[in-house]
Enquirer: 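Following this message is one structure expressed as structure tokens.
Protein chains get the first letters and strands the later ones, always in sequence-line order, with residue 1 at the start of each.
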2 protein chains.
Amino acid sequence: MTRNGRAPSVKDVAAAAGVSLGTVSNVLNRPAVVSTTTRERVERAMADLGFVRNESARQLRAGTSRALAYVMLDGGNPFFHDVAEGIETAAEDADLSLFVCNSSGRGDREAKHLDRLVQQRVQGILITPADPDAPHLAEVGQRGIPFVMVDRLSRAGDHCSVSVDDVLGGRIAVEHLIDRGHQRVAFVGGPGSIGQVRERLQGAREVWAEFGLPAEDLINLPTEALTVSEGRSAGERLAGLPSRRRPTAAFCANDLLALGLLQHAVTAGLRVPDDLAIVGFDDIDFAAAAAVPLTSVRQPRQELGRTAARLVLDEASNPDHVHEQATFVPALVARASTGIVKRS
Amino acid sequence: MTRNGRAPSVKDVAAAAGVSLGTVSNVLNRPAVVSTTTRERVERAMADLGFVRNESARQLRAGTSRALAYVMLDGGNPFFHDVAEGIETAAEDADLSLFVCNSSGRGDREAKHLDRLVQQRVQGILITPADPDAPHLAEVGQRGIPFVMVDRLSRAGDHCSVSVDDVLGGRIAVEHLIDRGHQRVAFVGGPGSIGQVRERLQGAREVWAEFGLPAEDLINLPTEALTVSEGRSAGERLAGLPSRRRPTAAFCANDLLALGLLQHAVTAGLRVPDDLAIVGFDDIDFAAAAAVPLTSVRQPRQELGRTAARLVLDEASNPDHVHEQATFVPALVARASTGIVKRS
DNA sequence: TGGGCTGGTTGAAATGTTTCAGTTCCGGTG
DNA sequence: CACCGGAACTGAAACATTTCAACCAGCCCA
């Protein structure tokens with residue numbers, strides 16, 4: 001544990017063990033080529049000195065880092081955390097570190113993070129972008145860094161993406177409500193600038209029309225964001241509708257909205273699902289944990305992450321990689337908030 | 001955008017701009033010392049070539065990285081995400097990157113993360129450890145890397161820590177319940193190996209005794225973990241108690257437990273707070289967002305993070321830094337789950 | 001005229017690691 | 001005995017950047 005101000009380097013280890021630099025490096029990277037006795041001597045010296053490999057130097061020389069990065073959209077939404085876990089397991093298998101960054105939905109933060117990650121020369125970048133068409137995203141791709149969009153479809157197809165069929169998700173949700181006998185349904189979600197919100201609404205509309213239901217009975221309740229408090233305020237607007245127009249069910253563009261709506265309904269004395277049925281989207285753990293367990297459209301969160309990591313690793317290592325748009329199929333998880341009584 | 005396989009270096013920029021390496025570096029690091037005309041020429045060349053500084057090389061030469069790291073205990077608990085946000089704002093102010101890692105409560109993962117972070121030579125490490133006494137934590141400190149424990153008190157005092165007075169938190173919670181007239185209260189939490197659980201219980205017991213209430217009416221309902229599902233199962237055990245022993249209120253060691261308990265109560269047909277009042281701990285956003293908004297003991301989550309970051313930065317830059325144990329005072333946030341009807 | 005100063009620029013050294021072409025040593029083979 | 005081949009190890013180059021002493025050209029002042 002010699003400590004003279006500066007961290008011990010391979011050179012120090014070499015001196016202590018009475019071997020050359022190269023041998024120390026071999027012990028580190030190709031232990032097979034060095035004889036058992038010297039290897040042990042070197043390892044001993046490392047332990048004595050408390051040697052820790054300097055990753056920057058390694059990376060500089062090797063030209064390649066041992067890390068992936070995920071820039072998530074909203075750390076406050078457990079959905080993204082679960083995606084990150086999926087990525088992490090894949091990264092762990094490949095023996096890579098994962099840096100998790102959080103843009104909090106702000107494009108400027110996102111750009112800053114990307115900038116730093118490029119400077120770090122990470123092996124690949126996974127991102128759920130605030131705006132899939134932002135110019136700073138394209139720049140990263142042009143730089144030749146493997147790049148995958150997570151939970152967003154890449155329209156241009158100039159990189160990989162992993163997403164869920166949101167139109168289908170919207171269809172599943174609303175079909176379930178129609179099945180349960182609802183004839184007037186609210187769609188709660190926004191802003192429309194988010195592609196997924198538009199697609200979930202589109203799916204809802206499609207299936208609504210296919211059942212021959214009048215378009216004006218699928219009521220659009222736009223929100224400013226996909227948050228619990230926006231869900232609450234949507235609840236207020238919903239309660240304010242004239243009773244003949246008031247829907248008997250709501251399909252929310254994500255679970256946070258649904259939880260907010262549920263809270264408002266309960267405090268307003270509405271019974272869920274009898275007075276108001278609710279369907280969410282994402283199936284985060286808190287959806288199942290709500291006082292009235294939420295029916296939700298499940299996205300395979302971890303799998304999304306794992307697949308994204310797989311794609312980025314392929315792009316990084318496979319010379320004839322071809323960009324791929326992986327799409328997953330969402331599934332309805334029926335619970336009490338639409339009248340399904342089942343232990344969740 | 002010349003692209004010949006290898007990313008452009010300062011050397012390429014220097015050649016393109018017709019200046020020396022040193023000048024390019026000056027443009028990057030001390031723009032003031034270089035004349036306007038050459039600076040512009042160099043910047044132009046950088047833009048043309050798409051130059052991005054190689055951070056590993058910078059770091060190798062400078063000997064110092066531009067990053068902090070936070071190893072969080074449980075990414076699935078929004079509490080830790082909020083702490084991370086606090087850290088991130090402080091890091092941003094200091095113009096540092098923040099790497100967020102997640103140990104998921106597993107000591108081996110934690111050790112692996114620490115190992116990598118030391119290899120990266122990060123400027124400082126913040127951590128909410130699985131086990132505050134684990135040997136791999138001490139190692140980091142001995143290596144001279146600034147190190148702060150977050151939401152855990154450092155007993156030994158050989159590094160900084162930021163925590164909340166958990167005994168006081170327990171007192172506040174139970175005093176509130178006593179105030180509301182409860183004479184039989186359950187403490188839901190575990191495992192006892194977690195120091196905070198012990199301290200919150202201790203606070204509860206202290207105040208219980210001070211009010212002269214019989215010890216056997218403060219009922220201990222131990223759990224295996226601090227999760228929603230454990231909260232649910234505690235609810236089942238609670239419902240199974242003989243009615244004369246059944247508590248009228250529960251104090252949960254964190255909000256996840258409280259949410260689980262709330263869910264069980266609602267599905268079991270209990271009215272909250274009339275049949276069962278509930279107090280949580282942490283005051284995560286989902287506590288306020290629950291169907292019956294949860295009364296909770298608030299920890300200043302973001303502030304915890306900001307302070308921790310401040311301490312680690314001080315240790316990193318201030319030669320006569322002295323280790324500090326920052327302790328925050330928790331506060332009760334009363335909501336509907338204990339009968340306080342207030343817009344939350 | 002010459003010395004000193006100043007703003008701008010240069011060139012080389014240094015950072016810690018990996019890689020690779022050599023070198024040494026030895027046992028075995030013809 | 002000369003030669004070969006392989007195992008083990010060495011030494012130097014290379015990676016991209018920063019830093020710093022040195023240098024240079026003007027310019028001012030004596």
Side-chain angles (χ1 to χ4, degrees), chain A residues 2 4-43 45-46 49-67 116 118-123 143, chain B residues 2 4-43 45-46 49-67 116 118-123 143:
Chain A
T2 29
N4 65 347
R6 130 169 310 10
S9 72
V10 275
K11 200 186 298 188
D12 302 321
V13 174
V19 298
S20 79
L21 285 193
T23 302
V24 178
S25 178
N26 281 336
V27 170
L28 246 24
N29 304 296
R30 284 180 232 67
V33 316
V34 26
S35 77
T36 325
T37 69
T38 55
R39 184 177 61 226
E40 276 163 3
R41 197 145 37 93
V42 171
E43 280 166 350
M46 285 182 179
L49 295 171
F51 169 79
V52 180
R53 192 212 240 98
N54 181 325
E55 175 64 20
S56 326
R58 204 219 108 254
Q59 187 171 324
L60 172 60
R61 170 63 230 222
T64 155
S65 88
R66 306 286 299 147
R116 288 205 229 251
V118 175
Q119 291 193 38
Q120 308 265 359
R121 304 286 196 270
V122 291
Q123 283 222 350
R143 231 171 220 110
Chain B
T2 27
N4 65 347
R6 132 170 302 17
S9 71
V10 274
K11 199 187 298 187
D12 301 323
V13 173
V19 296
S20 78
L21 285 192
T23 301
V24 177
S25 177
N26 281 337
V27 171
L28 245 23
N29 304 296
R30 285 181 233 65
V33 315
V34 24
S35 77
T36 326
T37 69
T38 54
R39 184 177 61 229
E40 276 163 1
R41 197 144 40 92
V42 171
E43 279 166 348
M46 285 183 177
L49 295 171
F51 168 80
V52 180
R53 192 211 240 100
N54 182 325
E55 175 65 19
S56 328
R58 204 218 108 256
Q59 188 171 322
L60 172 59
R61 169 65 229 220
T64 156
S65 87
R66 306 286 299 147
R116 289 204 228 251
V118 174
Q119 290 192 27
Q120 307 266 357
R121 303 288 194 271
V122 292
Q123 283 223 350
R143 227 166 227 113

Enquirer: Does a side-chain N or O from A:Thr38 land closer than 4.0 Å to OP1 or OP2 of D:dC9, or not?
Expert: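 Answer is yes, contact under 4.0 Å.
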Enquirer: Roughly how many Å is it from CD in B:Gln120 to P in C:dG16, rounded to a whole number?
Expert: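 It works out to 17 Å between those atoms.
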Enquirer: Pick base, sugar-phosphate or nothing for A:Ser56, based on heavy-atom distances below 4.0 Å to the nucleic acid.
Expert: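 The answer is nothing, as A:Ser56 stays clear of every strand by at least 4.0 Å.
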Enquirer: Can you give me the bend angle of the helix from C:dT1-D:dA30 to C:dG30-D:dC1? Use the axis through the first five pairs and the one through the last five, nearest 10 degrees.
Expert: 70°
Enquirer: What's A:Thr23 touching, base or sugar-phosphate or nothing? Going by heavy atoms closer than 4.0 Å.
Expert: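 A:Thr23: base contact, heavy atoms under 4.0 Å.
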Enquirer: If you take all heavy atoms of A:Ala7 and B:Arg121, which pair is closest and at what distance?
Expert: CB-NH2, 4.2 Å
Enquirer: Considering only nitrogen or oxygen atoms on both sides, find all protein atoms under 3.5 Å from nucleotides 13-18 of chain D and state each distance.
Expert:
residue : atom : partner : partner atom : Å
D:dA14  : N3   : A:Arg61 : NH1          : 3.0
D:dT17  : OP1  : B:Asn54 : N            : 2.9
D:dT17  : OP2  : B:Val10 : N            : 2.5
D:dT18  : OP1  : B:Asn29 : OD1          : 3.4
D:dT18  : OP1  : B:Asn29 : ND2          : 3.3
D:dT18  : OP1  : B:Arg53 : NE           : 3.2
D:dT18  : OP2  : B:Ser25 : OG           : 3.3
D:dT18  : OP2  : B:Asn29 : ND2          : 3.3
D:dT18  : O2   : B:Arg61 : NH1          : 2.9

Enquirer: Which value, rounded to the nearest 0.5 Å, describes the distance between A:Leu28 atom CG and A:Arg39 atom CZ?
Expert: 12.5 Å
Enquirer: For C:dT9, does either OP1 or OP2 sit under 4.0 Å from a side-chain N or O belonging to B:Ser35?
Expert: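 Yes, within the criterion.
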Enquirer: Please report the shortest heavy-atom distance between A:Ser65 and A:Val122, naming the atom on each side.
Expert: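 Distance-wise, the nearest heavy atoms are OG-CA, 3.4 Å.
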Enquirer: Taking the side chain as C-beta and beyond, is there a heavy-atom pair between A:Ser56 and B:Gln120 under 4.5 Å?
Expert: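 In short, these two side chains do not touch, never coming nearer than 4.5 Å.
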Enquirer: How close do A:Val24 and A:Met46 get, heavy atom to heavy atom, and via which atoms?
Expert: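 Shortest heavy-atom contact: CG1-CE, 3.7 Å.
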Enquirer: Decide whether A:Thr64 and A:Gln59 meet the rule of one side-chain donor and one side-chain acceptor closer than 3.5 Å.
Expert: no
Enquirer: Just the rounded figure in Å: distance from C1' of C:dT17 to CG of A:Asp12.
Expert: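 Whole-Å distance recorded here is 13 Å.
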Enquirer: C:dG16 P sits how many Å from A:Met46 CE, rounded?
Expert: 15 Å
Enquirer: Starting at CD of A:Gln59 and ending at C1' of C:dT19, how long is that distance when rounded to a whole Å?
Expert: 17 Å
Enquirer: Rounded to the nearest 0.5 Å, what separation is found between the OG atom of B:Ser9 and the CG atom of B:Leu49?
Expert: 9.0 Å
Enquirer: Filter on salt bridge (charged side-chain N to carboxylate O under 4.0 Å, His left out), then keep only pairs touching residues 53-63 of chain A, sequence neighbours left out; what's left?
Expert: A:Glu55-A:Arg58
